[in-house]
Amino acid sequence: MNIPFVDLKAQYKSIKTEIDDSIKAVIEDAAFIKGKYVRDFENNYANIYGVENVVSCANGTDAIYIALKALNIGHGDEVITVANSWISTSETITQAGAKPIFVDIKPDFFTINSYKIEEKITEKTRAIIPVHLFGHPVEMDKIVEICKNYNLFLIEDCAQAHFSKWRSKNVGTFGDAGTFSFFPGKNLGAYGDAGCIITNNNKLAEKMRMYSNHGQLQKHAHEFEGINSRMDGIQASILNLKLNYISYWTKLRREKAEKYSELLSVCTEITTPIIHEHAEHVFHLYVIRTPHREKLIKYLSKKGISTGIHYPKALPFLNAYKSLNHDSKDFPVAYEYQSQILSLPIYPEITVSQIEYVCKAINTFYIEKIYQV
Ligand SMILES: *Cc1c(COP(=O)(O)O)cnc(C)c1O
């Protein structure tokens, strides 16, 4: 059996006719950049998500950058974020001119330890960017309280967590802005790059809209300099269509994750994902922890099973952040976990027999102590 890490072709096949028609319509209308399809998607996403404004842009990295710029965060400022994420989260802080200040993750979870934030706050701190990593929401209560008490902006990186909920409330709606990626492999994926920012602040939405389109709302009325970060009509049209399926696909992801956890529960050497009692996990990734990771990867690969690591090095330990002089002791949990984490194949279309095959391989690896050879 061959089990890919993600299978975007399977999803395309399941809705092929509708997708092909929707792409054709955009081309026939020549609505390539912004335009009617983008407006439709923004309106639908705002309705379904339950927010006032959706500002589309070119990708999820730009979404964070645009939010930071629209909040006037830049030179001399510090922005607090989490040690374990994709580099977009911290890269954009630097691009905006500010300095990323990392906080360790919480044991058992892969998200920011909200009880370690306050010790990192200085008079330069302007914002916090928590990341709802792997689809599990960050524990937002403490962070919302800190942002209020210290007068900090709150930008949630929701790139991996479309429709994930904390205490029944959608992620991205707890603070000033929520940013999304629609990269093809994300839970809601386009057929190229795309992203958006959500906010209930109308003024901020207008500023973000302008910033993403050369500082103009109306053509040629450039109120300030911005960037060119816009969504394509074709991507918007595909995303709009996929919105009809997202809750079904999310349900399937959750069911598939549950199946994994059930079948792997016999194996005491690995830790399966823990779901907080107030969390609704949308399982962008299904991440286990094991002390025998490299041997397990090799063994699974021989069985035709693809896996991933998210991420092999936590952000502070990347060469890109060498100048910050961080040490493993600064982020002990992120440091410990980076050598143990392993992402197993998960997507709505993965079958139960595929999951059984993966779990049987993992369980055999431990029962037969193959890691000793
Ligand atoms: C994917 C991702 C991004 C960036 O999204 P792109 O659309 O690829 O630019 C940002 N943050 C996190 C946590 C991501 O997983």
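Just so it is clear, the values below take in all heavy atoms, side chains as well, and ignore hydrogens, waters and symmetry mates. Order of listing sets the numbers, starting from 1, for every ligand and every atom in it.
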Enquirer: Suppose we screen for side chain to side chain donor-acceptor pair (under 3.5 Å). Which residues come up paired with Asn149, at least two apart in sequence or across chains?
Expert: none
Enquirer: Can you name the residues that form a side chain to side chain donor-acceptor pair (under 3.5 Å) with Thr290, not counting sequence neighbours?
Expert: Tyr366
Enquirer: What residues, two or more places apart in sequence or in another chain, satisfy side chain to side chain contact (heavy atoms under 4.5 Å, CB included) together with Gln340?
Expert: Arg289, Glu336, Tyr337
Enquirer: In this structure, which one of Tyr311, Tyr335, Phe102 forms a ring pair (Phe, Tyr, Trp, His ring centres under 6.0 Å) with Phe317?
Expert: Tyr335
Enquirer: Do the side chains of Lys24 and Asp20 get close enough for a salt bridge, i.e. N-O under 4.0 angstrom?
Expert: no
Enquirer: Hey, is NZ on Lys34 packed in by over 12 heavy atoms from elsewhere, all under 6.0 Å?
Expert: yes
Enquirer: Anything under 3.5 Å between an N or O on ligand 1 and a protein N or O? List each pair with its distance, or write none.
Expert:
residue	atom	partner	partner atom	Å
ligand 1	5 (O)	Ser181	OG	3.2
ligand 1	7 (O)	Gly60	N	2.8
ligand 1	7 (O)	Ser181	OG	2.7
ligand 1	9 (O)	Gly60	N	3.3
ligand 1	9 (O)	Thr61	N	2.9
ligand 1	9 (O)	Thr61	OG1	2.5
ligand 1	11 (N)	Asp157	OD1	3.4
ligand 1	11 (N)	Asp157	OD2	2.8
ligand 1	15 (O)	Gln160	NE2	2.8
ligand 1	15 (O)	Lys186	NZ	3.2

